[in-house]
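The structure appears below as structure tokens.
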Amino acid sequence: MLDIQLLRSNIEEVAARLAARGYTLEADAFNSLEAERKSLQTRMQDLQSQRNSSSKQIGIAKKNGEDVSAIMAQVASLGDELKAAEDAFAAVQSRLDNWLLTIPNLPHESVPAGEDESGNVEVRRWGTPRSFDFDIKDHVDVGAPLGLDFETGAKLSGARFTVLRADIARLHRALAQFMLNTHTEQHGYSETYTPYIVNSDVLYGTGQLPKFAEDMFRVERGGEAAAQAQYLISTSEITMTNMVRESVLKHDELPLKFTAHSPCFRSEAGAYGRDTRGLIRQHQFDKVEMVQIAHPDHSFAALDEMVGHAEVILQQLGLPYRVMALCSGDMGFGAHKTFDLEVWLPAQNTYREISSCSNMGDFQARRMMARFKDADGKNRYVHTLNGSGLAVGRTLVAVLENYQNADGSVTIPEVLRPYMGGRDKIGG
RNA sequence: GGAAGCGUGGCCGAGUGGUUUAAGGCAGCGGUCUUGAAAACCGCCGAAGGUGUGAGCCUUCCGUGAGUUCGAAUCUCACCGCUUCCGCCA
């Protein structure tokens with residue numbers, strides 16, 4: 001959520017910055033709604049003030065045994081008038097709030113201008129794609145004999161669901177374990193296990209609601225009608241970030257650094273026909289996520305650090321990648337600044353997104369009322385950051401493709417061997 | 001699933017219809033004293049919002065939401081959460 005003060009004082013500049021990400025801010029509509037809010041709020045508070053002082057007079061008079069009928073008569077009509085004023089104000093305020101919740105975050109000034117992913121800027125590359133002396137397969141064909149079973153996944157749950165068996169299942173687990181251990185033991189994150197089902201409030205906090213309900217899976221309890229809608233998490237960013245909602249942290253406990261390995265559930269409503277082959281785009285996939293709750297002065301340093309943490313995973317796995325600075329038109333709804341990591345997939349002969357690390361600024365904090373008490377004693381909004389470190393399914397894809405051998409086996413990257421019973425390859 | 005109890009500021013906790021402007025304590029901050037610290041003493045000390053150049057003034061908030069009332073932390077209803085006991089259960 002944007003700072004409403006900024007909209008009041010400088011809506012033209014806000015509109016210009018949002019235009020860079022393809023969002024049209026209706027400035028006139030805001031200004032008239034805001035004018036309405038102002039007069040209604042002033043009137044309501046004025047009436048409340050009258051009621052309070054009259055009621056106090058009645059209390060005092062009664063205590064002194066005086067006649068109160070004169071004041072009572074004076075107050076009689078106030079009730080209805082006040083109720084009407086309160087209702088009118090609440091209606092306008094709620095329209096204003098609901099509208100504010102649909103406005104995306106402002107891109108940071110360092111974000112390159114651009115309309116879509118073609119405007120993203122490569123920051124650096126690491127590693128050299130391997131050259132193969134045999135005809136390579138994609139991960140679907142490499143994985144099938146090793147236990148990557150799309151057919152059974154579809155039988156159980158439909159398209160975009162997968163069963164992993166045997167060595168593939170273990171390799172998948174090994175990847176997640178390796179990532180989690182690296183972030184907790186070397187990068188200072190605190191391991192977290194969180195609910196996979198959350199209340200809708202929480203999704204307003206991180207920005208999935210109200211705009212992106214169609215991307216989520218909504219769940220119902222058996223038997224009774226749900227008191228409140230609940231959803232499967234689409235990333236553990238949601239739960240880890242919301243852990244600090246509605247709280248005031250101490251400035252010296254920042255930054256908080258959380259990591260979790262969790263499944264992620266996405267309806268992929270807008271993705272019909274895209275990435276239908278293989279593991280790239282699933283309704284259910286695992287991800288090791290990093291979240292930082294940072295002091296505003298340090299959030300950009302934290303973002304660089306977090307990108308580095310994700311890079312360490314790729315480097316240790318020996319997977320070539322590049323770092324992309326997302327342009328204004330390609331960033332997510334709540335992002336202030338985003339770097340994507342794209343891993344080399346030889347069968348597609350291209351780099352594909354495997355991690356996305358964002359500084360959300362105070363956008364989520366304002367929605368969540370997540371604050372900290374600064375050294376000067378003032379409460380301020382924290383900055384929130386999140387990043388994949390990494391998407392486990394896509395990392396599995398990258399390992400299968402980059403480490404495939406002519407005989408159909410797959411070499412296990414050295415760092416994973418302790419998690420694989422010491423073996424150096426699977427299959428073949 | 002059944003029963004009972006409870007929900008008040010960062011924390012503990014008083015308050016059961018009206019000068020409550022939420023007592024008191026702890027923690028925190030500033031000061032006096034001290035070589036320094038502790039102790040003692042003095043003072044400050046919830047949040048969100050509106051309005052104003054400003055000092056300030058005003059509104060809202062006692063789990064959430066409705067209701068009763070001139071007036072609600074306090075009364076009524078619903079919901080949420082927590083605790084304890086019983087039942088069931090990985």
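Proteins get letters first, then strands, A, B, ... in listed order; numbering begins at 1 in each. What you are looking at is a predicted structure, and each value in this text was computed from that prediction instead of being measured.
In the set B/U51, B/G18, B/A47, B/G18 carries the atom at the smallest distance from any side-chain atom of A/Ser55. Checking B/G50, B/C70, B/U60 against the side-chain heavy atoms of A/Gln45 singles out B/G50 as nearest.
The CD-P distance, from A/Glu34 to B/G49, rounds to 13 Å in whole Å. The nearest whole Å value for the distance from the CZ atom in A/Arg245 to the P atom in B/G81 is 15 Å. Distance, A/Phe89 CZ to B/U51 P: 10 Å, rounded to whole Å. Atom NZ in A/Lys250 sits about 11 Å away from atom P in B/C29, given to the nearest Å. Between the P atom of B/G28 and the CG atom of A/Leu249 lies a distance of 18 Å, rounded to the nearest Å. Counting to the nearest Å, the P atom of B/G71 and the CG atom of A/Asn52 are 10 Å from each other.
A/Arg366 comes within 4.0 angstrom of nothing in the nucleic acid, heavy atoms only. Counting non-hydrogen atoms under 4.0 angstrom, A/Ser49 reaches the backbone sugars and phosphates but no base. Among the atoms of the strands shown, only primed sugar atoms or phosphate atoms (P, OP1, OP2) are found under 4.0 Å from some heavy atom of A/Gln5. Among the atoms of the strands shown, base atoms are found under 4.0 Å from some heavy atom of A/Ile58. Counting any heavy atom pair closer than 4.0 Å across all strands shown, A/Met44 reaches no nucleic acid atom.
Ring geometry for A/His183 against A/His187 counts as tilted: the plane angle lies between 30° and 60°, on a 0 to 90° scale. Between A/His283 and A/Phe161, the two ring planes are tilted [angle within 30° to 60°].
Across the P atoms, B/C61 and B/C12 are found 23 Å apart, a figure rounded to whole Å. Rounded to whole Å, the separation between the C1' atoms of B/U59 and B/G1 comes to 45 Å. Taking atom P in both B/C42 and B/C77, one finds a spacing of 47 Å when rounded to whole Å. On the C1' atoms, B/C26 is 23 Å away from B/U21, given to the nearest whole Å. For B/A14 and B/G7, the P atoms lie 9 Å apart once the distance is rounded to whole Å. Atom name P, nucleotides B/G87 and B/G2: the rounded distance is 16 Å, in whole Å. Comparing B/C58 with B/A66, their C1' atoms sit 26 Å apart, to the nearest whole Å. Here, B/A23 and B/G36 have their P atoms 36 Å apart, quoted to the whole Å.
Between A/Arg37 and the phosphate of B/G49, there is no side-chain N or O to OP1/OP2 separation shorter than 4.0 Å. Checking the phosphate oxygens (OP1, OP2) of B/U51, no side-chain nitrogen or oxygen of A/Arg43 falls inside 4.0 Å. OP1 or OP2 of B/G49 has not a single side-chain nitrogen or oxygen of A/Arg8 nearer than 4.0 Å.
Comparing A/Lys373 and A/Lys38 by the nucleotide of RNA chain B whose heavy atom lies nearest to each, the residue mapping closer to the 5' end is A/Lys373. Comparing A/Gln41 and A/Asn379, the nucleotide of RNA chain B nearest to each residue sits closer to the 5' end for A/Asn379.
Taking 4.0 Å as the cut-off between side-chain N and carboxylate O, A/Arg8 and A/Glu34 count as a salt-bridged pair. Classification of A/Glu81 and A/Arg43 as a salt-bridged pair holds, one side-chain N sitting under 4.0 Å from a carboxylate O. No salt bridge links A/Asp362 with A/Arg371; every basic N to acidic carboxylate O contact stays at or beyond 4.0 Å.
Side chain A/Lys56 to base B/G18: no donor-acceptor pair is found below 3.5 Å.
Between atom NE2 of residue A/His295 and atom CG of residue A/Asp374 there is a gap of 4.0 Å, rounded to the nearest 0.5 Å.
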